[in-house]
Q: 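This is the structure, below, for whatever I ask next.
One-based numbering along the sequence shown.
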Amino acid sequence: MIEAFRIFGIFPGRRGAQATMPITIGEFDEPQAPLRRRSDCRYAGTGGACASPTLTYTNAEATPKTQLVVDDFPVDAFRFTLTTLVGTADYLGLGFNYAGTLMESAFSLVGATNVTGNSIEPTLKLYGNGTGTQSSCGTGCNFNGSGSASMFDYILRIGSNGGGSSNYVASIVFDIAAPGSLATNPFSQLAFRAQSTSNPEGSIKTDLNPQPQPAPVPLPAAGVLLMGGLGGLAMLRRRKKV
């Protein structure tokens, strides 16, 4: 049920007379669900309270070849988007540490493409048990010499090694169903493994380092109040002219 509050304002009339005018100052619906806390704010667009927090990672080279974007989306999950910035590659694995326990069932494919841009459905297989001792994810997917570290809590195997360019995983998006928030980022020590690349190295074994994020620019509270006041004055002027 929608209700409205009205008060009567007193305004000077002609020749000193005073007149009363009803003013609607607000309306509301019945009580709604409480607002989400900032750490739970995982919606973007007009339907949500704020944009989804995001972290971006690239490999530490003069010309980064790989980019990983991690979103706090959807609710109670993290969305990983892995893309190649230079040339093409057959993705094989993503190593990382995680402050908690993960099962393979927590991982779900959202979408993937091969080097020609066609949609494919690579399998996702999880290696490791959260003890920081995993250095491989099967055939062709070792992380020895990947960077500052080559041992991880977990390594996610992406697809299979070889099989022709039509099966090369060239971009992928997947979700990890897990509690938490990027505000207290539970992921660390990320690294990427790929083969059959179109760059001189022939393969990629590299750390993925977090990149600086632009600071949000909130609208000052005073600005909101000012706009509300100007809108109210404009409405009053229209009423007086009528």
Q: Is there a side-chain hydrogen bond (donor to acceptor under 3.5 Å, both in side chains) between Thr113 and Ser171? Walk through the geometry before answering.
A: CA-CA 5 Å; Thr113 61; Ser171 69; 2.4 Å; yes
Q: Honestly curious: do Val69 and Ile158 fall in one hydrophobic cluster under the side-chain, below-4.5 Å linking rule?
A: no
Q: Given 3.5 Å as the limit, does a donor-acceptor pair link the side chain of Asn97 with the main chain of Gln189, or not?
A: no
Q: At what distance, to the nearest 0.5 angstrom, does CZ of Arg193 lie from SG of Cys141?
A: 6.5 Å
Q: If you compare all heavy atoms of Phe78 against all heavy atoms of Pro179, which two are closest, and at what distance to 0.1 Å?
A: CE1-O, 3.8 Å
Q: What's the spacing between Thr133 OG1 and Asp153 CG if we round to 0.5 Å?
A: 8.5 Å
Q: Would you check, one step at a time, whether the test side-chain contact (heavy atoms from CB on, under 4.5 Å) holds for Leu82 with Gln67?
A: CA-CA 6 Å; Leu82 192 59; Gln67 177 175 278; over 6 Å; no
Q: Is there a donor in the side chain of Asn144 and an acceptor in the side chain of Ser150, or the other way round, less than 3.5 Å apart?
A: no
Q: Please check if the side chain of Asp72 supplies one atom and the backbone of Leu182 the other of a donor-acceptor pair under 3.5 Å.
A: yes
Q: Apply side-chain contact (heavy atoms from CB on, under 4.5 Å) to Val110 and Arg79, showing your working.
A: CA-CA 9 Å; Val110 176; Arg79 176 156 293 178; 3.8 Å; yes
Q: Find out if a path of hydrophobic residues (ILVMFWY) with successive side-chain heavy-atom gaps under 4.5 Å connects Val173 to Leu92.
A: no
Q: Looking at Val169, is its backbone amide N or carbonyl O close enough to the side chain of Asp90 to form a donor-acceptor pair, meaning the two atoms are under 3.5 Å apart?
A: yes
Q: From the options Asn209, Thr66, Leu85, select the one residue that forms a side chain to side chain contact (heavy atoms under 4.5 Å, CB included) with Thr58.
A: Leu85
Q: Of all heavy-atom pairs between Leu102 and Ala178, which one has the smallest distance, and what is that distance?
A: CD2-CB, 4.1 Å
Q: Do Thr54 and Asp71 pass the side-chain hydrogen bond (donor to acceptor under 3.5 Å, both in side chains) test, and can you show the C-alpha distance, the side-chain angles, and the key distance before you say yes or no?
A: CA-CA 5 Å; Thr54 300; Asp71 292 300; 2.6 Å; yes
Q: Under the side-chain hydrogen bond (donor to acceptor under 3.5 Å, both in side chains) rule, what do Asp175 and Ser108 come out as? Steps first, then yes or no, please.
A: CA-CA 5 Å; Asp175 290 343; Ser108 59; 4.5 Å; no
Q: Evaluate the ring planes of Phe192 and Tyr91, with Trp represented by its six-membered ring, and classify them as parallel (under 30°), tilted (30 to 60°) or perpendicular (over 60°).
A: perpendicular
Q: Output the distance between atom CD1 (Ile176) and atom CG (Asp76), rounded to the nearest 0.5 Å.
A: 13.5 Å
Q: Return yes if some donor-acceptor pair links the side-chain N/O of Glu104 with the main-chain N/O of Leu126 below 3.5 Å, else return no.
A: yes
Q: Is Pro122 close to Leu109 at the side-chain level, that is, under 4.5 Å between some pair of heavy atoms?
A: yes
Q: Which value, rounded to the nearest 0.5 Å, describes the distance between Phe143 atom CZ and Thr206 atom OG1?
A: 10.5 Å
Q: Kindly compute the distance separating CG (Leu55) from CG (Leu68), expressed to the nearest 0.5 Å.
A: 9.0 Å
Q: Locate the shortest heavy-atom distance separating Ser181 from Pro186; write the atom from each residue and the value.
A: O-CD, 3.7 Å
Q: What distance do Lys205 atom NZ and Gln195 atom CD have between them, rounded to the nearest 0.5 Å?
A: 8.0 Å
Q: Would you check if the side chain of Arg157 reaches a backbone N or O of Gly159 as a donor-acceptor pair within less than 3.5 Å?
A: yes
Q: Looking at Phe152, Tyr154, Tyr98, which one forms a ring pair (Phe, Tyr, Trp, His ring centres under 6.0 Å) with Phe187?
A: Tyr98
Q: With Leu94 as reference, evaluate Ile172, Leu124, Leu208 under the side chain to side chain contact (heavy atoms under 4.5 Å, CB included) test and give the passing residue.
A: Leu208
Q: Does a side-chain heavy-atom distance below 4.5 Å link Thr81 with Phe174?
A: no
